[in-house]
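In what follows, a single structure is set out as structure tokens and then discussed.
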Amino acid sequence: QVQLVESGGGLVQAGGSLTLSCTVSGRNFSSNAMGWFRQAPGKEREFVATISWTGRNTYYADSVKGRFTISRDNAKNTVYLQMDSLKPEDTAVYYCAQSKGVGIVTFAKFYDAWGQGTQVTVTS
């Protein structure tokens, strides 16, 4: 049974940084693209970033481009989200997800395994 476990969330002041990690078990990690999504209170879940199976290709939502960096370590079955210059509007529960395929995708329907989420709160 596939399991995704996120960690690294927390409380940070605006302008600060956090690094989220997501470790996958129970399924091959290196042959699937990975993504990060987030959901703020009262809002729908939205795409944040995605990375291809090799790590060569990445794509970001406009709202985080230039501030967030997605990466992966296939030897550790782990995907990361480095978040810099955080803003209060980045406050949300962050979810990692594993895609059904190898290429980058931004739509949640193409991801078939999800973590439980980790809370990120940015104060002004």
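Note that the structure is a prediction, hence the values are computed from the model and not measured.
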Spell out, yes or no, whether [X] and [Y] are grouped together once hydrophobic residues are joined by side-chain heavy atoms under 4.5 Å, including indirect joins.
X	Y	result
V122	V64	yes
V2	M34	yes
Y95	L86	no
F68	W36	yes
Y80	M83	no

Output the distance between atom [atom1] ([X]) and atom [atom2] ([Y]), rounded to the nearest 0.5 Å.
X	Y	atom1	atom2	result
C96	L4	SG	CG	4.0 Å
Y60	T69	OH	OG1	4.5 Å
D73	S30	CG	OG	11.0 Å
I104	T58	CD1	OG1	7.0 Å
E46	Q39	CD	CD	9.5 Å
R72	R56	CZ	CZ	11.5 Å

Contacts table for residues 10-26: side-chain donor-acceptor under 3.5 angstrom, sequence neighbours left out:
| unit_1 | atom_1 | unit_2 | atom_2 | d |
| --- | --- | --- | --- | --- |
| S17 | OG | D84 | OD1 | 2.7 |
| T19 | OG1 | Q82 | OE1 | 2.4 |
| T23 | OG1 | T78 | OG1 | 3.1 |

[X] (side chain) donor-acceptor with [Y] (main chain) under 3.5 angstrom:
X	Y	answer
T118	S7	no
Q3	R27	no
S52	N57	yes

**Axial cation check for F47 ring with R38, 6.0 Å and 45° limits** =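 Pair R38/F47 does not count as cation-pi.
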**Asked** Has K76 got its NZ or CZ under 6.0 Å from the middle of the six-membered ring of F29, at an angle within 45 degrees of the ring axis?
**Response**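 No - K76 does not lie over the ring of F29 by the 6.0 Å and 45° rule.
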**Message:** If the threshold is 4.0 Å, N to carboxylate O, is there a salt bridge linking D62 and K65?
**Reply:**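 The answer is yes: the pair qualifies as a salt bridge.
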**Pair listing, ring-ring contact (aromatic ring centres under 6.0 Å, His included) test, anchored in residues 99-124, at least two apart** =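 Sorted pair list: F37-Y111, F37-W114.
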**Prompt:** Looking only at side chains, do Q119 and T121 share a donor and an acceptor under 3.5 Å apart?
**Reply:**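 Yes.
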For a quick test of reading the model, state the closest non-hydrogen atom pair linking [X] to [Y] and the distance between them.
X	Y	value
D90	R67	OD2-NH1, 2.7 Å
S99	N32	O-ND2, 2.8 Å
P88	S124	CG-CB, 3.9 Å

